[in-house]
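No hydrogens, no waters, no symmetry mates; every other heavy atom, side chains included, goes into these values. Every chain is numbered from 1, with letters handed out A, B, ... down the list of sequences.
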Amino acid sequence: MIRETIRRDIADVLKKLELDWSDNFSLELPSSAEHGDYSSNVALVHGKLNKRNPRDLAGEIAALLKKKRTYRKIEVAGPGFLNMTLSSRVYHRALEAMVTAKHAFGNSNSGQRQKILIEFISANPTGPLNIVSARAAAYGDTLYRIMRRAGYAPVREFYINDAGNQVDILAESIELRYRELHGEDIGEFPVEAYHGAYVAELAQQLNTVEGNKLLHIPERDRLEKMKEFALQQIHDMQIASLERFGVEFDNWVSEKALRAQGMVEEVLSFLAEAGCTYEMDDAVWFSSTKFGDEKDRVLMKTDGSFTYLVPDIAYHLSKLQRGFEILIDVLGPDHHGHVVKLMAAMRALKIEEKQLEVVFLQQVNLFLDGERVKMSKREGRIVTMNELIDDVGKDAARFFFIDRRPSTHLNFDLELARKKSSENPVYYCQYAHARIYSIQKKARREKISLKDFDTSELYRLKRSDEAALIKKMLEYPHILAGAAKYREPHRLTDYTKELAGMFHKYYQAVPIVNPKAPAMSKARLYMLNALKNLLANIFEVLGIDAPQKM
RNA sequence: GCGCCAGUAGCUCAGCCGGAUAGAGCAGCGGCCUUCUAAGCCGCAGGUCCGGGGUUCGAGUCCCUGCUGGCGUGCCA
């Protein structure tokens, strides 16, 4: 709100000065208070653009801006920075507007209703969701919530790879366990099979339903039956975990269904029409080298089946056909190679490159007692999403996953996440919310109420920490919009930590509820109520609780 | 070999797509509870922003180059 006002004012001034114009100038909160409330490099940018001396230009802009009552002081500094100090009334009015906006504070239409498909997790339906999936879940879901509020039109989607090799291996793994149950000696369990305990459990469950009946039907039918059963059970398992984590999907897309619709053959003919395929060694190849890949790729194997790439191209095509303007794929670190091929295919099909955005979430390492927790998929020793939630709770897990830039490796300290103290950033932030709640309780005891509060009383908030806190709260729309635009939810946790920190300091510095000074108490309560609502609002975006008591 | 990601305080990480004197949190040291929650606050200490060039008024941020670590580089998914 304040930022928009300042930008608009500056734009008006530039128009009056009849300059070549660009909105590519900064507006930031300076680190040092001497530089005012906001500072801008607008004169530096436009000096270059219009071949003018930036300091002179800054002076002219400042002179015109000063005519508005919004600005108490404007200084030209350094090579031509504009340092602006706003009159405190501007902040108090903005605070009032923030309270009026209630839950909608921070929302914007910066996304311009752009239709965005966020595909995340898309884990193989061959086992319980693991830690990497949990990170993807937290990231994708939070990004979705952020984008909704920033005015985009996002949709959450999970792609189920329920056709192909991996699920066949799953079925075979279950079959082995099933036969084991019936006393058969299965020998050494194959290395490539799924070793997790859940496989034996699924066989057990299947046995409860079917008994030994399956032993007496043809192998093909038996495996098919086991596959169906396992896919359904695992799907339900994954949904249940996600629900505990507060994550929902709008769509689940099945690869098998996609194949049944003939989408896959269609892709092959599209590529052939584009002249990008050829036959060699009894296989069909994609000449992806023409589109930035380092070597050509097989589309149809010698046995007549498709490689993973083909249905995946089909899937992405289907997203575009459904009218999405931007496709965001949230992938694990092991998909780099795949994306190069996918991108090549997109180029071959003349799809605009920027329509497909890939966010790579890097690996997650769990630490306990300062040591890395070793995980091995092959031996079935993986930490599941459920185990993590049992251990540290949904709130800590979500917060920790979001609190890092997506592209960095994440070292997850389990002990820290378990801690219920200020060392743990989640509690630090939630505690701020609970503390304000308890201040409000005290206010009720002292019969200090905001019912007839006159906002002109806000002039009493004169302290520098009060001004800083209000300023910080008013930054929220900008933070939210930035998090959406750059697909970086961690900006929100960073901001929340700062906000909570400022509050805890303020709390320590001044008594809020003071029966001897009711007018001052009310002004402060008004501000803190706004802060409490803002915190609750952010927590909702982050998918964590806003406790009233801790 | 090639591609992607990372390299910022002892540790974990920010740094608002080029701005002013590089910031937090942990860990360390020293203080603060008769009070609205000490699940908190204050102070001290801590830096070759991996190295080297370049671009410009200005570089942790952009370009080139080298080094280190992770991942990828299947007719697996």
(Q) Over 60° means perpendicular and under 30° means parallel, so tell me whether A/Phe189 and A/His195 are parallel, tilted or perpendicular. (A) perpendicular
(Q) Side chains of A/Gln440 and A/Asn529 only: does a donor on one sit below 3.5 Å from an acceptor on the other? (A) yes
Q: Answer with base, sugar-phosphate or nothing: what part of the nucleic acid does A/Val510 contact at a heavy-atom distance below 4.0 Å?
A: base
Q.
Could you tell me how far B/G58 sits from B/A27 if I compare only their C1' atoms? Round to whole Å.
A. 36 Å
Q. What form does the base of B/C17 take, syn (within 90° of 0) or anti?
A. anti
**Q.** Same-atom distance (C1') from B/U56 to B/C11, integer angstrom
**A.** 37 Å
(Q) Suppose we call a contact any N or O donor and acceptor under 3.5 Å apart; does that hold for the side chain of A/Thr307 and the base of B/C75? (A) no
Q.
With a 4.0 Å limit, can you tell me whether A/Tyr427 has a side-chain N or O closer than that to the phosphate oxygens OP1/OP2 of B/A38?
A. no
Q | Length of the NE2-P vector between A/His504 and B/C33, whole Å | A | 20 Å
Q | Side chain proximity check, A/Thr85 to A/Ile74, heavy atoms < 4.5 angstrom | A | no
Q) So what's B/G1 paired with, Watson-Crick or G-U wobble, going by both distances under 3.5 Å? A) B/U73
Q) Taking atom C1' in both B/G25 and B/G19, what distance in whole Å separates the two? A) 26 Å
(Q) Applying the Watson-Crick and G-U wobble criteria at under 3.5 Å, what pairs with B/G51? Answer none if nothing qualifies. (A) B/U65
Q: Take atom CG of A/Leu410 and atom C1' of B/C11, then tell me their distance rounded to the nearest Å.
A: 15 Å
Q) Between the side chains of A/Thr493 and A/Asp403, does any donor sit under 3.5 Å from an acceptor? A) yes
Q.
Just to be sure I understand the rule, does A/Lys442 reach a base, reach only the sugar-phosphate, or reach nothing, if contact means heavy atoms closer than 4.0 Å?
A. sugar-phosphate
Q: Go through A/Gln166 and A/Asn161 one step at a time and tell me if the side chain to side chain donor-acceptor pair (under 3.5 Å) criterion holds.
A: CA-CA 8 Å; A/Gln166 300 298 325; A/Asn161 299 123; over 6 Å; no
Q) For B/C41, which nucleotide in any strand shown is its Watson-Crick or wobble partner with both distances under 3.5 Å? A) B/G31
Q: Determine the interatomic distance between P on B/C63 and the same-named atom on B/C5; round to the nearest Å.
A: 11 Å
**Q.** Distance in angstrom units between A/Tyr507 OH and B/A39 P, rounded
**A.** 10 Å
Q: Using heavy atoms to find the nearest nucleotide of RNA chain B for A/Leu416 and A/Phe306 separately, return the residue whose nucleotide is more 5′.
A: A/Leu416
Q) Taking atom P in both B/U48 and B/G60, what distance in whole Å separates the two? A) 14 Å
Q. Does a side-chain N or O from A/Thr302 land closer than 4.0 Å to OP1 or OP2 of B/C75, or not?
A. no
Q. Tell me: CD1 of A/Ile439 to P of B/U35, nearest whole Å?
A. 16 Å
Q.
Taking the nucleotide of RNA chain B with the nearest heavy atom to each, does A/Met300 or A/Gln548 sit closer to the 5' end?
A. A/Gln548
Q. Base, sugar-phosphate alone, or nothing: which one does A/Ala434 contact when heavy atoms must sit under 4.0 Å apart?
A. base
Q) Atom NZ of A/Lys505 to atom P of B/A38: distance rounded to whole Å? A) 17 Å
Q) Taking the same atom, P, in B/G18 and in B/C2, what whole-Å distance lies between them? A) 29 Å
**Q.** B/S/- contact track for nucleotides 67-74 of chain B, protein heavy atom under 4.0 Å
**A.** ---SBSSS
Q: Scan every strand shown for a Watson-Crick or G-U wobble partner of B/G23, both distances under 3.5 Å, and answer none if you come up empty.
A: B/C13
Q: Counting heavy atoms from C-beta on, name the nucleotide in B/C41, B/A77, B/C13 closest to the side chain of A/Asn161.
A: B/A77
Q) Which class fits the ring pair A/Phe503 and A/Tyr507: parallel under 30°, tilted 30 to 60°, perpendicular over 60°? A) tilted
Q.
Can a side-chain donor-acceptor contact be found between A/Arg460 and A/Tyr526 if the only test is distance below 3.5 angstrom?
A. no
Q: Please determine if a side-chain N or O atom of A/Lys549 lies less than 4.0 Å away from the OP1 or OP2 oxygen of B/C36.
A: no
Q | Spacing of A/Phe367 atom CZ relative to B/C26 atom C1', expressed in whole Å | A | 15 Å
Q. Between A/Arg7 and A/Phe25, is NZ or CZ placed under 6.0 angstrom from the six-membered ring centre and within 45° of the ring axis?
A. yes
Q. If you measure from OH on A/Tyr194 to OG1 on A/Thr126, what distance do you get to the nearest 0.5 Å?
A. 3.5 Å
**Q.** Whole angstrom value for the distance that separates P of B/A77 from OH of A/Tyr315
**A.** 17 Å
(Q) Counting primed atoms plus P, OP1 and OP2 as sugar-phosphate and everything else as base, spell out the protein contacts along nucleotides 15-21 of chain B at 4.0 Å heavy-atom distance: B, S or - for each nucleotide, 5' to 3'. (A) SBB-BBB
(Q) How many whole angstroms separate atom CG of A/Leu342 from atom P of B/C4? (A) 17 Å
**Q.** Pair A/His235-A/Asp162, side-chain donor/acceptor within less than 3.5 Å
**A.** no
**Q.** Separation between the C1' atoms of B/A59 and B/G72, rounded to whole Å
**A.** 31 Å
Q. Between A/Lys301 and A/Asp303, does at least one N-O distance fall below 4.0 Å, as a salt bridge requires?
A. no
Q: Pick the P atom in B/C29 and in B/U35, then give their distance to the nearest Å.
A: 28 Å
(Q) Below the 4.0 Å mark, does B/C13 have OP1 or OP2 next to a side-chain nitrogen or oxygen of A/Asn411? (A) yes
Q: Could you tell me whether A/Asp312 contacts a base, only the sugar-phosphate backbone, or nothing, with contacts defined as non-hydrogen atoms closer than 4.0 Å?
A: nothing
Q) Relative to the ring of A/Phe286, is the ring of A/Phe291 parallel (under 30°), tilted (30 to 60°) or perpendicular (over 60°)? A) parallel
